[in-house]
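Encoded as structure tokens, the structure appears first; notes follow it.
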Protein chains: 2
Amino acid sequence: MNPTIKDVAQRAGVSVGTVSRVLAKNKTVSEDIRAKVEATIEAIGYRPNILGRSLRLNKTDIIGLVVPDITNPFFAELAKHVEMLASAEGYSVLLANTHDDPEAEKQQIETLLGRLPAGLILVPVSNSLVDGLISGTRTVTIDRPLSGHALVAVDNREGGYLAADHLLALGHRRIGYISGPNSTDVSAERREGFLRRLDEFRETNPGEYVAPQVVEGHFDYRSGEELGKKLLTQADATRPTAIATASDQQAIGLLRAAGDMGLRVPTDLSIVGFDDIPLASLVLPRLTTIRQPIAEITRLALEGVLGSHALQEEYKLRPVLIERGSCAAPPVP
Amino acid sequence: MNPTIKDVAQRAGVSVGTVSRVLAKNKTVSEDIRAKVEATIEAIGYRPNILGRSLRLNKTDIIGLVVPDITNPFFAELAKHVEMLASAEGYSVLLANTHDDPEAEKQQIETLLGRLPAGLILVPVSNSLVDGLISGTRTVTIDRPLSGHALVAVDNREGGYLAADHLLALGHRRIGYISGPNSTDVSAERREGFLRRLDEFRETNPGEYVAPQVVEGHFDYRSGEELGKKLLTQADATRPTAIATASDQQAIGLLRAAGDMGLRVPTDLSIVGFDDIPLASLVLPRLTTIRQPIAEITRLALEGVLGSHALQEEYKLRPVLIERGSCAAPPVP
DNA sequence: TCACAATGATGAAACGTTTCATATTGACAG
DNA sequence: CTGTCAATATGAAACGTTTCATCATTGTGA
């Protein structure tokens, strides 16, 4: 069995309270006793039992991280950042996947809560089932809002707006949009920003406007590929010359679809993604995309969970357009 | 404050011991008391405090998962599977990244161990620092061995062998190999299997043999791209017509490099990857690769950690060649 | 009717901490 | 020499469980 604080006390000839006090650096202990205790701790290799401490203090140094799917590169990146910052502060990260299933999400959050985490970082799937479930645990929400908790997110409208703006500036008029699930706010907001820029354009250029073609699916590769096919199998005259997507994964799926159909990117088709996952700069052509400031998101989230004062209600961080090789002027007809 | 077992006992008019016994399903309690207790539990919304239980039992229902980098799609996939199986059994997963840094690995394992996990699933980076660190915690190692602990891994030699075999069968003779870091066994084994098949070929076909070109780097995209460039910037007569890699990430980087240099895959260059990450079937062309049976790996690992009897020393699972679109016969000169 | 076994409930101890009220010590002022 | 005060150490309680030795209450057979 591991040595306990009692063993240390006994061996050092002091009381357990005293040992506890030398462990808590900032308490007042005489120098010689502190030295002696530290020596015995070293000698018998004592490591405080975290369970005892947690029970006594009624809190742990664990941070719960709930994401829809760790396999999604964006969430993997998020998890990595969270884990890095958390472990630098002496916290550990408990990981849970919801698989976009509200029922599973509820379940996961409940068991996480049962472990009395110091805080919760949550990318919510649904509001209905989780609403009111969390109380007394510092929680910040990423990407999607949950009433009663701070939200840290990229400004999705702005992101969509930037994508549309870029495409219009290049001269595209027939523009497609591959959206995420309509049920999610993230998705709705990105699309909304995108469409808003087009509306603005219509107002200033009444003659040129062509209605965007919007299709809806999931955020994953496969959806991008399928919806891409759908969008692209049209006569040259109506087929979009540019498509914006709600995620890089969709964009990469779309890239594939375009390739399958013999369309060259960016010559025949311009594509702009969303997120800027690591892979975005490694596909062929490199993907022009809307970058989420993920380090900043993580920093804020952890501050909200661990920091001394609560976060403000909502942070909307500015996305930035990363120009790479997947966009060009539309082909001349 | 949350209700405790004491509150339940008091409200139900029984002792805490009794409540505890109804909580432990398999204990003997009279029917009426069980009903009454369960009713009050329901009524006041009691949820057992896991810390109290863990302290008493001196063990938790947490599984530690230590990977080099959760951002690597293979490990993300692994994490997802681990989390799924673990949570089905009522366990939670504590995630730690080592960033391929032995020092960080040691640190991470130590703090994880301090949390008294029920088990540890570990993809080790180094042996030296971690050796002997873990005792008394059920541990299984994935991918790379660690003395004293069970290992579950794909048969890397077999994998390398399969790749070489496939390429040879297609008629390739000038074959390149992009290896992972020489310091890792995984990498060494894959390369070894690959080279072994070539050696065999040389023995049976003495005239035809051309020495393979092997380069070494990391398992990531970037390395694949850089090493790919290095391998491909040669006169047509010596440039490999096929390259096998030690990871799909490398293969995808290589795909990019080839594209940048105007080489078409598979017409001008055949590529075979390793792992079969989700993305492998979504790049253009779809990647022919050596699949790791990741579900099986996870299943075994969890069995080793949670199961009733220890795992045997070492499991080497069979990889399988997944033929897709990145390989073809070599171009006729 | 009585002894005894079987069944089921109880109370207390224990897990390893932290903290708080109390005790001890020494120095110093009066 | 006594009383006070500061500084520091002690002991015990408390956190929420589980378990084990007891104890109480039945039912059974003679």
Side-chain angles (χ1 to χ4, degrees), chain A residues 1-41 44-62 90 111 113-118 136-137, chain B residues 1-41 44-62 90 111 113-118 136-137:
Chain A
M1 206 60 279
N2 288 330
T4 80
I5 200 175
K6 231 177 260 173
D7 300 325
V8 177
Q10 198 166 3
R11 202 138 181 287
V14 299
S15 75
V16 297
T18 302
V19 178
S20 178
R21 270 162 46 245
V22 350
L23 254 25
K25 304 284 185 209
N26 51 357
K27 290 289 172 54
T28 152
V29 187
S30 70
E31 251 336 296
D32 48 344
I33 286 210
R34 153 163 284 134
K36 187 163 56 176
V37 168
E38 276 170 351
T40 37
I41 285 179
I44 68 179
Y46 165 75
R47 313 231 328 134
N49 179 314
I50 262 187
L51 294 173
R53 165 180 295 160
S54 295
L55 175 60
R56 176 63 226 245
L57 300 180
N58 196 38
K59 65 171 203 195
T60 64
D61 37 10
I62 281 182
T111 84
L113 249 25
R115 298 186 188 283
L116 304 181
T137 303
Chain B
M1 205 62 277
N2 288 330
T4 78
I5 201 174
K6 233 177 257 174
D7 300 325
V8 177
Q10 198 165 2
R11 201 137 182 288
V14 298
S15 73
V16 297
T18 302
V19 178
S20 178
R21 270 162 47 244
V22 351
L23 254 25
K25 304 286 186 206
N26 51 356
K27 290 287 171 59
T28 153
V29 189
S30 70
E31 250 336 295
D32 47 344
I33 286 209
R34 151 161 286 133
K36 188 164 54 177
V37 169
E38 276 169 352
T40 37
I41 285 180
I44 68 179
Y46 165 75
R47 312 234 327 137
N49 179 315
I50 265 186
L51 294 173
R53 165 179 296 159
S54 294
L55 175 60
R56 176 62 227 247
L57 300 180
N58 196 39
K59 64 170 204 193
T60 65
D61 37 8
I62 282 182
T111 84
L113 249 26
R115 297 186 188 283
L116 303 181
T137 303

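Residue numbering restarts at 1 for every chain, and letters A, B, ... go by the order of the sequence lines. If you're wondering where the values come from, they're calculated on a predicted model, not measured in any experiment.
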Surrounding CD of A:Q10 (heavy atoms of other residues, nucleotides or ligands, distance under 6.0 Å), is the total greater than 12? no

Between B:R21 and C:dA9, does any side-chain N or O lie under 4.0 Å from OP1 or OP2? yes

Separation of B:R47 atom CZ from D:dT17 atom P, in whole Å? 11 Å

Any side-chain N or O of A:T4 below 4.0 angstrom from OP1/OP2 of C:dG16? no

Checking all strands, does A:S20 fall into the base, sugar-phosphate, or nothing category for heavy-atom contacts under 4.0 angstrom? base

May I ask you to say what B:T18 touches in the nucleic acid, namely base, sugar-phosphate or nothing, with a heavy-atom cut-off under 4.0 Å? base

When rounded to the nearest 0.5 Å, the distance separating OG of B:S20 from CZ of B:R53 is 8.0 Å

Gap between atoms CG and P, on A:N49 and D:dC15 respectively (whole Å): 18 Å

Looking across every strand, which nucleic acid part, if any, lies under 4.0 Å from A:R34 by heavy atom: base, sugar-phosphate, or nothing? nothing

Rounded to whole Å, how long is the line connecting atom CG of A:D32 with atom C1' of C:dT25? 13 Å

Whole-Å distance separating the CZ atom of A:R53 from the C1' atom of C:dC15: 16 Å

Nearest-0.5 Å distance, CG of residue B:N49 to CG of residue A:L116: 5.5 Å

May I ask you to say what A:I50 touches in the nucleic acid, namely base, sugar-phosphate or nothing, with a heavy-atom cut-off under 4.0 Å? nothing

Base, sugar-phosphate, or nothing for B:K27, non-hydrogen atoms under 4.0 angstrom? sugar-phosphate

So, is A:S30 close to the D:dA9 phosphate, meaning a side-chain N or O under 4.0 Å from OP1 or OP2? yes

Using a heavy-atom cut-off of under 4.0 Å over every strand shown, decide if A:L57 touches base, sugar-phosphate, or nothing. sugar-phosphate

